[in-house]
Amino acid sequence: MQQTWEDDIKKELEKLEHLSQNRVLQKTENAQLPWLYLNGQSMLNLASNNYLGLAGDSRLLKAAAEALYMCGTGATASRLIVGNHPLYGEAEASLIDWKGMESGMILNSGYTANIGIISALMDRNGTIFSDKYNHASIVDGIVLSRSKFQRYRHCDLNHLEALLRKYPTDKRKLIITDAVFSMDGDIAPLEGLVFLKERYNAILMVDEAHSSGIFGGQGEGLVCAHQLQNRVDIQMGTFSKGLGSYGAYIVGSKWLISYLMNKMRSFIFTTALPPSVLGSISAAIKIVRTEQYRRKQLMEHSHYFASSLKRLGFLIGPSETQIIPVIIGSNEQTMLFSRKLQEEGIAAIAVRPPTVPEGQARIRFTVMATHKRNDLKQAIEKIAQVGRKLGVIE
Ligand SMILES: *Cc1c(COP(=O)(O)O)cnc(C)c1O
């Protein structure tokens with residue numbers, strides 16, 4: 001009997017289900033708040049990337065609404081055609097001032113920024129060195145670039161150096177790292193990466209998706225917090241996480257930004273961001289620069305949450321940030337843990353392969369500056385109860 005493409009696809013789906021790796025959507029309301037509704041049930045939100053609680057902030061709402069009424073719902077075209085509404089200029093000026101860099105630009109999302117930057121800078125003559133745990137958008141950018149690809153062990157500078165040594169210094173080399181790793185919450189060894197980049201004449205790009213708004217005196221990110229802004233070639237980050245809005249940025253030298261503007265296909269061939277998004281980006285930058293107490297609150301909550309889970313015997317890995325994984329191992333057990341926590345009113349999301357390595361399925365908890373300490377305390381007690389019941393801890 002002949003197999004149709006439909007049979008093949010159904011078989012693939014069944015295989016995913018069998019491995020507990022199939023994904024389904026759940027109706028989520030109020031995800032911008034510390035308490036959300038998942039399929040209609042109220043739960044403590046320990047699953048969003050809205051770390052500073054800005055996605056529900058009235059000043060962002062107001063800025064978005066004003067921009068919407070001033071410029072319309074859609075940008076109507078790409079930025080190089082007629083989509084470059086004046087809110088772009090305003091938001092990019094705020095970005096450049098905030099970061100203290102020569103130049104910068106705003107892109108539609110972190111995903112399109114990463115695939116655009118990497119494929120514009122690199123081709124088959126060059127080599128890309130990428131941390132094993134870098135975000136999927138970086139991996140896709142590498143594939144798109146057709147460049148040679150060396151994956152170095154997670155945060156392992158010795159391994160990276162050994163790989164860099166194999167390539168001639170005159171060929172273009174790009175080192176890429178997340179600043180904060182999205183599934184582990186640990187921090188890249190930025191100083192060491194800068195050292196190697198300089199020694200081996202490579203370009204260094206840092207993705208600050210989970211550190212923008214969170215680190216640095218004005219939330220500029222980890223590169224600025226370590227005063228490495230003149231030694232890192234490309235800082236990329238997003239407005240979609242800590243800044244509570246949407247879109248992404250790149251900052252760097254003037255000629256780099258001009259080059260990217262001319263070459264990034266994911267910038268050239270897509271409609272510009274809606275004006276309302278740009279309005280909220282400008283408002284968010286203003287707020288993260290001044291409201292230090294949000295970062296302080298977030299750090300305190302993160303430390304409390306992580307140290308409590310660790311003390312209970314959970315395996316949280318090397319997390320040092322607001323991203324705190326509880327590593328369970330098997331997919332089924334992780335799904336069950338997530339389901340039980342949801343029954344207890346905790347929005348805890350299971351992360352499975354291929355997002356994380358095989359055998360390292362986990363619950364990825366994230367805390368928010370706007371959480372109440374008492375809510376976190378009660379959540380920890382419930383997580384401990386479920387953990388004991390399922391034999392994850394003693
Ligand atoms: C979320 C994320 C992105 C993608 O950003 P979006 O704006 O959501 O497209 C890129 N890099 C990292 C490290 C991320 O965590």
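Indexing begins at 1, ligand by ligand and atom by atom, following the structure's order.
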Which residue pairs pass the ring pair (Phe, Tyr, Trp, His ring centres under 6.0 Å) test when at least one of the two sits in residues 123-166, sequence neighbours left out?
Phe129-Tyr167, Tyr133-His154, His154-Phe181

Would you mind checking if Asp184 and Arg362 are paired as a salt bridge, meaning a charged N to carboxylate O distance below 4.0 Å?
yes

Salt bridge flag under 4.0 Å for residues Glu161 and Arg199:
yes

Residues lining ligand 1 [heavy-atom distance under 4.0 Å, listed by chain and residue number]:
Ser109, Gly110, Tyr111, Asn114, His135, Ser137, Asp178, Ser182, Asp207, Ala209, His210, Thr238, Ser240, Lys241

Polar contact flag, side-chain donor to acceptor under 3.5 angstrom, Asp140-Asn114
no

Running the 4.5 Å side-chain criterion over Ile, Leu, Val, Met, Phe, Trp and Tyr, what cluster does Met183 land in, apart from itself?
Val351, Val356

Tell me who clusters with Trp5, hydrophobic residues only, linked when side chains sit under 4.5 Å apart either directly or through other members.
Ile9

